[in-house]
Amino acid sequence: MKKFSAVILVILILISGCAKNDSTFSYESIDKEWSIEIPNQYKKDKEEIEDDFYHISYRDEEGGIFSITEVVDRDKVLNEESIEAELEGDSYFHMERKEVLDIEGIGKVYGGVIEDHATRGYMLYYKLRINDRIISLLTHKKQPFTLGEEGRVKSMIGNIKILK
């Protein structure tokens, strides 16, 4: 009987671990090619759609922002140098730390931690390519990011799924 109870307990734990996480919602890209799970703390704020450009931003109760920008650009080379050049073009941005995340099934994601002197805030800024689009993911807040907050953002990015 004890073995049977233990098996039932393990099965229940496995089933509950496989259930959809109610603390996130799923964002699907404008062309339905990829998705990302976003924490429920963020609520839709703004959206802008043009021919080869899509931008959506979310805001939390503390004023933090998470935004996604998709730009059709078949020719742009995306690497560490291109991110550095992009950020050096704005004197208000100071890159505290560069990072390259290698996401299985996605490839390299370039970005880092940025101090934004214009808004007196901090950003976690990452770019990646999915097919013919350059995707920018930006998390912005007034205070420096804790290691836990950085980890949650990187985990969110690491869970991007290709849908087609």
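FYI, side chains are in, hydrogens and waters are out, and symmetry mates aren't considered; it's all heavy atoms of this structure.
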Exercise. Establish whether Ile130 and Tyr110 are linked, either directly or via other cluster members, by ILVMFWY side-chain heavy-atom contacts under 4.5 Å.
Key: no
Quiz item: For the side chain of Arg129 and the backbone of Ile106, is there at least one donor-acceptor N/O pair under 3.5 Å apart?
Solution: no
Quiz item: Under a single-linkage definition using a 4.5 Å side-chain heavy-atom cutoff for Ile, Leu, Val, Met, Phe, Trp and Tyr, are Ile56 and Ile135 assigned to the same hydrophobic cluster?
Solution: yes
Quiz item: Shared ILVMFWY cluster between Ile65 and Tyr122, side chains joined below 4.5 angstrom?
Solution: no
Exercise. Return the minimal non-hydrogen interatomic distance between Tyr125 and Ser136, and the atom names on each side.
Key: OH-OG, 3.9 Å
Self-check item: Same apolar cluster: Val109 and Val71, side chain cutoff 4.5 Å
Solution: no
Self-check item: Within 45° cone and under 6.0 Å: Lys141 NZ/CZ vs Phe145 ring
Solution: yes
Quiz item: Taking all non-hydrogen atoms of both residues, which atom of Phe25 and which atom of Pro39 are closest, and how far apart?
Solution: CE2-O, 3.6 Å
Exercise. Using distance alone, with no hydrogens and no angle criterion, decide if His140 and Thr119 have a side-chain donor and acceptor under 3.5 Å apart.
Key: yes
Quiz item: Are Met95 and Leu138 co-members of a hydrophobic cluster defined by side-chain heavy atoms under 4.5 Å apart?
Solution: yes
Practice problem: Say whether Glu28 and Ser35, considering side chains only, have a donor N or O and an acceptor N or O under 3.5 Å apart. | Solution: no
Self-check item: Criterion salt bridge (charged side-chain N to carboxylate O under 4.0 Å, His left out) on Glu115 and Arg120, from CA distance to verdict
Solution: CA-CA 7 Å; Glu115 186 175 355; Arg120 295 190 177 133; over 6 Å; no
Quiz item: Taking the inter-plane angle between the rings of Tyr27 and Tyr58 on a 0 to 90° scale, is it parallel (under 30°), tilted (30 to 60°) or perpendicular (over 60°)?
Solution: perpendicular
Exercise. Have a look at Arg133 and tell me which of Ile30, Leu128, Thr69, Asp52 forms a side-chain contact (heavy atoms from CB on, under 4.5 Å) with it.
Key: Ile30
